[in-house]
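Below you'll find the structure, written out as structure tokens, and then a few comments.
Just so you know, ligand 1 is whichever comes first in the structure, and atom 1 is the first atom listed for that ligand. These numbers come from a predicted model, not from an experiment.
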Amino acid sequence: MKWEQALQLLRFGQKIPTERTTGPALHCKVEPDPLGVVRATSICVVSGKGGTGKSLVSASLANLLARRARTLVVDADFGVGNAHILQDASPQYTVVDVVEGRRDLREVVHTCGEQLDLLAGGSGYARMAGLTPYELHLIAGGLEKLELSYRYVLVDSAAGVSSQTVALAAASDVTLLVTTPDVTAMTDAYAFLKVFLQRKPVSDPLLVVNRATSAEEAEATAKRILGVSQKFLGRQPRWVATLPEDRAAFRCTQRRSPVVVAEPDSELGLALQELAAAVDEEVGRSCARGIGRTLLQRVGYSPKSG
Ligand SMILES: Nc1ncnc2c1ncn2[C@@H]1O[C@H](COP(=O)(O)OP(=O)(O)O)[C@@H](O)[C@H]1O
Ligand SMILES: [Mg+2]
């Protein structure tokens with residue numbers, strides 16, 4: 001019943017009390033690495049609904065982060081990946097080659113630029129949306145080694161609340177939830193939060209409102225999600241950025257280039273740079289637990305279980 005009420009409020013715009021919070025303090029739940037090795041901080045870009053701008057945001061964030069330190073982008077839309085298009089890359093291998101036993105994850109790494117590498121998703125592989133524990137374990141094991149060589153691992157998620165999407169988000173250090181003002185996108189953002197917070201109660205997800213046509217629209221969108229989350233989940237994400245609706249998105253996608261590279265001074269380009277600064281600040285506050293290492297601990301695969 002709570003779920004129904006939450007959806008009603010998202011749809012019909014009733015007044016919802018909101019308060020800005022900074023979320024609970026984060027604690028490293030994972031045992032410290034016995035060897036004290038330094039791993040990349042992972043940032044997972046998620047949304048409930050497809051088409052909210054996750055890949056657009058990830059492409060620009062990746063480029064900006066790579067200017068500071070080595071960055072690995074993981075296209076976690078494993079079956080219908082397009083992160084490589086936005087980096088104008090043509091990788092020879094994809095994560096499908098790992099799952100199907102032809103390649104090691106390290107061999108799939110494709111260099112996109114100075115300090116910027118990519119693990120590409122496959123194109124048109126429906127079964128990649130529902131990996132077995134063993135297949136996820138293969139990817140996690142590869143990431144656990146790779147993450148030692150990077151400062152940032154940026155995960156461009158698939159849409160939805162599938163267990164593998166939520167598992168990747170829960171294993172990440174920073175979660176960036178992207179929504180648009182569209183009521184279906186807001187509803188699905190709330191749905192994602194609900195599932196995500198059940199899985200990872202001690203977390204502080206960040207909210208990005210994309211494709212806003214005015215500051216008022218952005219604020220109304222954020223307030224709605226914050227309010228409904230607070231009311232029904234007892235928690236709310238932290239609203240950190242607004243990205244404007246901007247035709248630069250279309251032009252840059254057609255040119256296969258991140259907005260911050262092709263049109264850095266556009267309204268969208270400038271907003272993405274602000275977002276990157278907010279993410280970097282968050283990274284500074286987060287525990288770098290290692291997405292591969294955390295996934296390995298949680299995937300629940302043992303060779304006996306098949
Ligand atoms: N701020 C924006 N202004 C205009 N169009 C945008 C904006 N953000 C994303 N888009 C467009 O929305 C579509 C979906 O974006 P994409 O990043 O592929 O979404 P997702 O990865 O969440 O499925 C693309 O055509 C993209 O160019
Ligand atoms: Mg995408």
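By the 4.0 Å N-to-carboxylate-O rule, Glu147 lies too far from Arg289 to be salt-bridged with it.
Trp239 and Leu272 sit in two unconnected hydrophobic clusters of ILVMFWY residues. Membership requires side-chain heavy atoms under 4.5 Å apart, directly or through other members.
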Donor-acceptor list for residues 263-271 side chains, cut-off 3.5 Å, not counting sequence neighbours:
unit_1: Glu263; atom_1: OE1; unit_2: Arg251; atom_2: NH2; d: 2.9
unit_1: Glu263; atom_1: OE2; unit_2: Arg251; atom_2: NE; d: 2.7
unit_1: Glu263; atom_1: OE2; unit_2: Arg251; atom_2: NH2; d: 3.4
unit_1: Ser266; atom_1: OG; unit_2: Glu263; atom_2: O; d: 2.7
unit_1: Ser266; atom_1: OG; unit_2: Gly269; atom_2: N; d: 3.0

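The neighbour count for Arg255 CZ, taken as heavy atoms of other residues, nucleotides or ligands under 6.0 Å away, does not exceed 12.
Around ligand 1, the residues contributing at least one heavy atom under 4.0 Å from the ligand are Gly50, Gly51, Thr52, Gly53, Lys54, Ser55, Leu56, Asn210, Arg211, Pro244, Glu245, Asp246, Ala249, Thr253, Leu268.
Remark: Arg103 engages Glu107 in a salt bridge (Lys or Arg N to Asp or Glu O under 4.0 Å) (not counting sequence neighbours).
Counting only N and O atoms by type, the side chains of Arg151 and Thr41 include a donor and acceptor under 3.5 Å apart.
For the pair Gly290 and Arg39, the tightest heavy-atom approach, listed with the atom from each and the gap, is CA-CD, 3.8 Å. Residues Ser203 and Phe196 share a closest heavy-atom pair of OG-CE2, 3.4 Å.
For the side-chain hydrogen bond (donor to acceptor under 3.5 Å, both in side chains) with Asp204, the qualifying choice from Arg285, Gln236, Arg238 is Arg238, the only one to do so.
Screening the protein for N, O or S atoms under 2.8 Å from the Mg ion (ligand 2) yields 1; no waters enter the count.
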